[in-house]
Amino acid sequence: MSSKHKNTICLWYDGTALEAAEFYAKTFPDSSVDAIHHAPGDFPSGKKGDVLTVEFTVMGIPCIGLNGGSAFKPDEAFSFQVATEDQEETDRLWNAIVGHGGQESACGWCKDKWGISWQITPRVLSEGVTDPDPAVAQRVFAAMMEMRKIDVAKIEAARRG
């Protein structure tokens, strides 16, 4: 379970850390499966030789997937926020997550099949809700509150008024 990074995000999986890491590596840019570590002995949720941890990178962020069993489940208190450039990128990432056993939520949030939450957030949305003009920020925020996957054209229209 050692990592060459001083700070690494550790995500808990129920025996599917390698599957998740491989999905992230093929779905997100600057992502990879970096190392697979097998258990040196039996453990509560597995046997000697099973995959215990997987070191992987998600968009440049070092992570470790721990096959810890079913005792804990991820929740929305932790999420990856992905800044997208346009509708095409937003659609591609959203559809990859939701279409691979995930589920939609509100305001650009979705959850992958392993329970990890993702915010697929076009930059135009972030810029709009932080606009120095309070009226613009409010319009963009109100538009976002009506969406599941973010619609870039509707956010841009809300910015313009």
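Treat the numbers as computed from the prediction; the structure is a model and nothing was measured. Residues take their numbers from the sequence shown, with the count starting at 1. All heavy atoms count here, side chains included; hydrogens, waters and symmetry mates do not.
Side-chain atoms of Trp114 and Pro74, non-hydrogen and from C-beta on, never get closer than 4.5 Å to each other. Here the side chains of Val51 and His38 are in contact, with some heavy-atom distance below 4.5 Å.
The closest donor-acceptor contact from the side chain of Asn67 to the backbone of Asp14 lies at 3.5 Å or more, if one exists at all. Between the side chain of Asp112 and the backbone N or O of Ile116, at least one donor-acceptor pair lies under 3.5 Å. Remark: side-chain polar atoms of Thr90 are not paired, donor with acceptor, to backbone N or O of Glu88 under 3.5 angstrom. Side-chain atoms of Thr53 do not come within 3.5 Å of backbone N or O of Leu66 as any donor-acceptor pair.
Qualifying salt bridge (Lys or Arg N to Asp or Glu O under 4.0 Å) partners for Arg92, counting only residues two or more places apart in sequence or in other chains: none. Glu76 is linked by a side-chain hydrogen bond (donor to acceptor under 3.5 Å, both in side chains) to Lys111, counting only residues two or more places apart in sequence or in another chain. Applying the side-chain hydrogen bond (donor to acceptor under 3.5 Å, both in side chains) test to Ser32 and every residue at least two apart in sequence or in another chain returns Asp34. The ring-ring contact (aromatic ring centres under 6.0 Å, His included) check on Phe80 picks up Phe78, Trp118, with sequence neighbours excluded. Considering only residues two or more places apart in sequence or on other chains, Gln103 meets the side-chain hydrogen bond (donor to acceptor under 3.5 Å, both in side chains) condition with none of them. For Ser105, the side chain to side chain contact (heavy atoms under 4.5 Å, CB included) partners at least two apart in sequence or on another chain are Trp109. Under the rule for a ring-ring contact (aromatic ring centres under 6.0 Å, His included), the partners of Phe56 that lie at least two apart in sequence or sit in another chain are Tyr24. Taking Phe43 as the reference, nothing meets the ring-ring contact (aromatic ring centres under 6.0 Å, His included) condition, with sequence neighbours excluded. Not counting sequence neighbours, the partners of Trp12 by the ring-ring contact (aromatic ring centres under 6.0 Å, His included) test are Phe72. With sequence neighbours excluded, the residues that form a salt bridge (Lys or Arg N to Asp or Glu O under 4.0 Å) with Glu19 are Lys113.
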Contacts table for residues 124-131: side-chain donor-acceptor under 3.5 angstrom, sequence neighbours left out:
residue, atom, partner, partner atom, Å
Thr130, OG1, Ser126, O, 2.8
Thr130, OG1, Glu127, O, 3.4
Asp131, OD1, Asp133, N, 2.7
Asp131, OD2, Arg159, NH2, 3.3

Can I get a per-line list of side-chain donor-acceptor pairs under 3.5 Å for residues 149-158, giving both atom names and the distance, sequence neighbours left out?
residue, atom, partner, partner atom, Å
Lys149, NZ, Asp91, OD1, 3.2
Asp151, OD1, Ala153, N, 3.1
Asp151, OD1, Lys154, N, 3.1

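Linking ILVMFWY residues whenever their side-chain heavy atoms come closer than 4.5 Å, directly or via other members, leaves Val33 and Leu52 in distinct clusters. The cluster map of Ile, Leu, Val, Met, Phe, Trp and Tyr, joined by side-chain heavy atoms under 4.5 Å apart, puts Val98 and Ile120 in the same cluster. By the criterion of side-chain heavy atoms lying less than 4.5 angstrom apart, applied directly or through intervening Ile, Leu, Val, Met, Phe, Trp or Tyr residues, Leu18 is grouped together with Ile9 in one hydrophobic cluster. In the hydrophobic clustering of this structure, Met147 groups with Val140; members are Ile, Leu, Val, Met, Phe, Trp, Tyr whose side-chain heavy atoms approach within less than 4.5 Å, directly or through other members. With hydrophobic clusters built from ILVMFWY side chains whose heavy atoms lie under 4.5 angstrom apart, Ile61 does not share a cluster with Ile64.
The heavy-atom pair separating Gly68 from Ser45 by the smallest distance is C-OG, 3.3 Å. The two residues Ser79 and Gln119 come nearest to each other via the heavy atoms OG-NE2, 2.8 Å.
Atom NZ of Lys48 sits about 8.5 Å away from atom CG of Asp42, to the nearest 0.5 Å. Note: Arg123 CZ to Asp86 CG = 11.0 Å, rounded to the nearest 0.5 Å.
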Exercise. Test side chain to side chain contact (heavy atoms under 4.5 Å, CB included) on Phe28 and Ile97 and set out the steps.
Key: CA-CA 10 Å; Phe28 298 100; Ile97 292 167; 3.8 Å; yes
